[in-house]
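What follows is a set of notes on a single structure, which appears directly below.
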Amino acid sequence: MKLRQLILCTLLLCPLPSIAQNNDFGTEYELSYSLKPWKGGELSLSEELRLKDNSRRYAKSETGIMLQHALLRHTLRNLDMKWRIGGGYSFINRQSQQYQISNQHRFTLQSSLTKDWRDWRFGFRTRMQTTLRNPNTGSYSDNPQTYLRIRLSARHSIPNSPWAIALSEEGFACIFRPKGARIDECRTMLSATYDIDHRKALTIYAKLSQEFHVKKPETFYALGLSLNL
């Protein structure tokens with residue numbers, strides 16, 4: 001039965017029929033590997049592929065590394081809480097609307113706080129990311145592009161089951177712009193995670209991204225599959 005559920009989840013990632021203008025559908029695939037180099041530390045490596053235009057066209061690939069460390073571990077453990085700070089780097093290969101391929105470099109700093117309560121885990125994450133873009137492949141009013149991202153999340157582990165479901169909401173604020181800061185995207189994500197064993201987890205998710213205050217705002221729907229080792 002468990003194998004049938006995994007196969008069904010994978011089939012859901014097949015491309016959908018064409019969607020109206022200013023709306024798009026895509027699929028996303030991610031593989032990540034995490035290890036703990038010291039107590040309270042976590043090093044993560046990830047590779048991501050995204051497709052757009054109803055999953056018919058390459059959107060981008062991203063290779064990332066993230067290092068985090070837990071603060072006040074003993075104090076917060078008594079409160080069923082965890083606080084992590086960290087930073088990372090990503091190499092991004094992206095295709096623009098004009099079918100141009102460009103390489104970008106992204107640097108990230110983040111802080112995350114989680115609170116466990118019974119079968120629930122609530123999270124709050126702030127992330128500052130700066131992306132260096134190639135001026136030869138586009139006309140950019142702000143380069144590098146810097147975003148402040150704030151995410152709220154809730155995760156429920158189903159009792160006596162390897163499954164957990166989660167819902168998150170994230171806002172993107174573009175800052176340090178010549179024309180002033182703005183919130184230009186909101187992202188909602190619903191996911192289900194299956195713990196294969198204590199070292200591997202498979203996640204399938206549905207994502208809705210909505211743009212604001214841009215010339216051609218887009219609503220983007222995506223289904224994704226993520227394997228964490």
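Everything numeric here is computed off the predicted structure, so don't read it as measured data.
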Just by modelled atom types, is the [Y] backbone N or O under 3.5 Å from a matching donor or acceptor in the [X] side chain?
X: Asp24; Y: Lys52; value: no
X: Glu211; Y: Glu218; value: yes
X: Lys115; Y: Leu79; value: yes
X: Ser55; Y: Thr27; value: yes
X: Gln95; Y: Tyr58; value: yes

Does the side chain of Leu113 come within less than 4.5 Å of Phe122's, by heavy atoms?
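No, every pair of side-chain atoms sits at 4.5 Å or beyond.
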Does the pair Lys207/Glu28 count as a salt bridge with the N-to-O cut at 4.0 Å?
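Yes, this pair counts.
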Kindly give the heavy-atom pair with the smallest separation between Asn228 and Ser34, and that separation in Å.
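In this case the closest contact between Asn228 and Ser34 is ND2-OG, 3.7 Å.
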Option among Tyr89, Tyr147, Phe91 that satisfies the ring-ring contact (aromatic ring centres under 6.0 Å, His included) test with Phe107:
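In the set Tyr89, Tyr147, Phe91, the residue that makes a ring-ring contact (aromatic ring centres under 6.0 Å, His included) with Phe107 is Tyr89.
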Are [X] and [Y] connected in the hydrophobic side-chain network, where two residues link if heavy atoms are under 4.5 Å apart?
X: Leu43; Y: Leu31; answer: yes
X: Leu45; Y: Ile92; answer: no
X: Leu227; Y: Tyr29; answer: yes
X: Leu109; Y: Ile65; answer: no

Test side-chain contact (heavy atoms from CB on, under 4.5 Å) applied to Arg125 and Glu170, step by step
CA-CA 9 Å; Arg125 188 188 74 183; Glu170 187 171 18; 3.0 Å; yes
